[in-house]
Q: 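Submitted below is the structure of interest, expressed as structure tokens.
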Amino acid sequence: MQITTYDTTPYDDQKPGTSGLRKKVKVFQQPGYLENFVQSIFNSLEDFHGKILVVGGDGRYFNRQAIQTIIKMTAAAGFGELIIGQGGLLSTPAVSHLIRKYAAFGGIVLSASHNPGGPDEDFGIKYNVSNGGPAPEKFTDALYANTRIINNYRIAAIDDIDLDTLGELDIDGLKIRIIDSVADYAELMANIFDFDLIRQSIAAGLITLKFDAMHAITGPYAKHILEEVLGAAPGSVFNAVPLEDFGGGHPDPNLAHAHELADLLLGDHPPVFGAASDGDGDRNMVMGAHIFVTPSDSLAIMAANAKLIPAYAQGISGVARSMPTSQAVDRVAVKLNLPCYETPTGWKFFGNLLDAGKITLCGEESFGSGSDHVREKDGLWAVLFWLNLIARKRQSVADIVHEHWQTYGRDIYCRHDYEAVDSDTANAIVERLRSQLATLSGETLGGGYTVKYADEFCYHDPVDGSVSSNQGIRIGFTNGSRIVFRLSGTGTVGATLRIYLECYERDASKCHQDAQIALAELIAIAEQLSEIKKRSGRNEPSVIT
Ligand code: VG1
Ligand code: CO
């Protein structure tokens, strides 16, 4: 195999964020930009010669070109085998599963998740390690350091590979397998859930459903599993063909972006169950007839009912949530006497806890939940969990949620995002918040919210002892309410400021209030402390979820 070494100079903007490197496609198309980053990944790894690498992406614009480049660089680097999803397509949880199933050395996921796709939109790349999960911070730090000093990259002179034909190739000792993107993942799901029961409930008409794949990666997975295997009516899965630009939309499963689904579920004659997934298939939105389930509640409900699912029937070892996620799951953990961990935002922080067997279920407020079956959040897994639950409990989604609130009370929750704020303005807002932290404790804000603590979240990983600081500003009140401020680490334009708001309502008769109304006073306090509207010149958040 002929290998050419090309001289290069570093780009200074290749620091991975919450979930890999995300930039505009045009940035990735600069000469050597993708190559620098991929070579820096390989330069940060050791002892991978002859081993397996899994590669796949969410099908967005530039996916195929990037994969061809990665194949040539993988060959030059000396990997022994590449496993690639047909058409270059693999959902993020499917990559995680394939790495684990085939004992691969690692995987490369090409995705910018819920960000829009297309020539003028976003692309992304992420490295996952041998447990199937996103590389931990110490790896991404080393990778970033390598991007700053890189001076060459290596490319093997091989022709472009046909990504669409299933089969095996051998190119000068590098084995390349193009595999069915869905089959392994579908088999895993069948081993976790009671497919027979779900199938019977669908056949009997007890469960009707709609799934919005948002023109993104879960289309083929959901079509196969929900319609072909479980027998949902043809057309139950819609927007099912992955498109390079996701049909022009944001493939982000929330009430703002998955409005087609929301209209169906909140309108006349809704199905029993509705769900949507994001660009790369790791997020989920769960709805029932006339009800939206917040991701934080969904995690708590899953934890409370895990024993009804075959894979978790023997019990779960513990739970974890990202810091800004509501405390609903904590209440379940107390009742079930389970350990409960609070981690920084981003799935990479769950990996150690899952590997060590300290937790079985985990989730984030940002429409992500998962378990120890893979090391990524998993959208369709959550959908199947709910279908299994509905089939077992023979209750509607609304009844399941209301029963949960009856038992545990409700953590009323919402998130306000201010997107594409000027970076200097956003940094000044965060600095202003930071400067108030030392003196806030004990103060009473609004009409009687007394500050119990005000700090910046710092995580001490209980497994490897690593410390991650500056993970969000938290202000907790004596009545259990909380406001959290964070800067997003996944955006590609300016800065995105997130405000997370929650309050607790124990009285079940008051649990049905509108979240924006229940949280109005906290929203006002958040503005008083941060002056986001005033300083950014915005009248309202870009998105409320
Ligand atoms: C966001 C979410 C975070 C999630 C991350 C990746 O990060 O808030 O919870 O893990 O996206 O999800 P940030 O830094 O923008 O808040 V995905 O589906 O975009 O891979
Ligand atoms: Co995603």
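For ligands, and for the atoms within them, numbers begin at 1 and follow the listed sequence.
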Q: So for Ser322, does at least one of its heavy atoms come nearer than 4.0 angstrom to any atom of ligand 1?
A: no

Q: Apply the ring pair (Phe, Tyr, Trp, His ring centres under 6.0 Å) test between His250 and each candidate in His215, His257, His259; give the one that qualifies.
A: His257

Q: Around atom 14 (O) of ligand 1, find the nearest protein heavy atom and jot down its residue, atom name and distance.
A: Thr18 OG1, 2.4 Å

Q: Which residue supplies the protein heavy atom nearest to atom 4 (C) of ligand 1, what is that atom called, and how far is it?
A: Glu364 OE1, 3.5 Å

Q: Starting from atom 9 (O) of ligand 1, locate the nearest protein heavy atom and write down its residue, its atom name and how far away it is, to 0.1 Å.
A: Ser366 OG, 2.6 Å

Q: Yes or no on salt bridge (charged side-chain N to carboxylate O under 4.0 Å, His left out) for Asp122 and Lys24, after CA distance, side-chain angles and deciding distance?
A: CA-CA 4 Å; Asp122 293 355; Lys24 291 284 170 208; 3.0 Å; yes

Q: Which residue and non-hydrogen atom of the protein lie closest to atom 12 (O) of ligand 1, and at what distance in Å?
A: Lys377 NZ, 2.8 Å

Q: Checking the N or O distance criterion of under 3.5 Å, is ligand 1 in contact with His114?
A: yes

Q: Shortest non-hydrogen contact from Asp141 to Lys15?
A: OD1-NZ, 4.4 Å

Q: Grab the two heavy atoms, one from Leu338 and one from Ile316, that are nearest each other, plus how far apart they are.
A: CD2-O, 3.1 Å

Q: Is the closest basic N to carboxylate O distance between Lys26 and Asp120 below 4.0 Å?
A: yes

Q: If we set the cut-off at 4.0 Å for heavy atoms, which region of Ser488 has an atom near ligand 1: side chain, backbone, both, or neither?
A: both

Q: Walk me through it: do Phe292 and Leu265 pass the test side-chain contact (heavy atoms from CB on, under 4.5 Å)?
A: CA-CA 9 Å; Phe292 156 71; Leu265 271 291; over 6 Å; no

Q: Considering heavy atoms of the protein only, find what lies nearest to atom 20 (O) of ligand 1 and give residue, atom and distance to 0.1 Å.
A: Arg22 NH2, 3.0 Å

Q: Specify side chain, backbone, both or neither for Met323, according to which of its non-hydrogen atoms lie closer than 4.0 Å to ligand 1.
A: neither

Q: What residue and heavy atom of the protein are closest to atom 17 (V) of ligand 1, and at what distance?
A: Ser113 OG, 2.8 Å

Q: Starting from atom 8 (O) of ligand 1, which protein heavy atom do you reach first, and at what distance in Å?
A: Arg415 NH1, 3.6 Å

Q: Looking only at heavy atoms, which two atoms of Pro541 and His416 are closest? And how far apart?
A: CG-ND1, 3.5 Å

Q: Quick one: look up the protein heavy atom nearest atom 11 (O) of ligand 1 and list residue, atom name and how far away it is.
A: Arg283 NH2, 3.0 Å

Q: Where does the angle between the aromatic ring planes of Trp381 and Tyr312 fall among parallel (under 30°), tilted (30 to 60°) and perpendicular (over 60°)?
A: perpendicular

Q: If you measure from each heavy atom of Arg486 to ligand 1, is any distance below 4.0 Å?
A: yes

Q: Which protein N, O or S atoms lie under 2.8 Å from the Co ion (ligand 2), given by chain and residue number?
A: Ser113 OG, Asp278 OD2, Asp280 OD1, Asp282 OD1

Q: Taking 4.0 Å as the limit for heavy-atom contacts, which would you say applies to Thr92 with ligand 1: side chain only, backbone only, both, or neither?
A: neither

Q: Does Lys534 have more than 12 heavy atoms from other residues, nucleotides or ligands lying within 6.0 Å of its NZ?
A: no

Q: Using the ring pair (Phe, Tyr, Trp, His ring centres under 6.0 Å) rule, pick out the option among Phe62, Tyr33, Tyr61, Phe37 that qualifies with Phe123.
A: Phe62

Q: Does ligand 1 have an atom that lies less than 4.0 angstrom from a heavy atom of Glu376?
A: no

Q: Please determine if Arg482 and Glu342 form a salt bridge, counting it only when a charged side-chain N lies under 4.0 Å from a carboxylate O.
A: yes

Q: Report yes or no: does Lys348 have a heavy atom closer than 4.0 Å to ligand 1?
A: no

Q: Which residues pass the salt bridge (Lys or Arg N to Asp or Glu O under 4.0 Å) test with Asp212, sequence neighbours left out?
A: none

Q: Report yes if Thr345 has an N/O atom closer than 3.5 Å to an N/O atom of ligand 1; otherwise report no.
A: no

Q: Does Thr490 approach ligand 1 within less than 4.0 angstrom via side chain, backbone, both or neither, non-hydrogen atoms only?
A: both

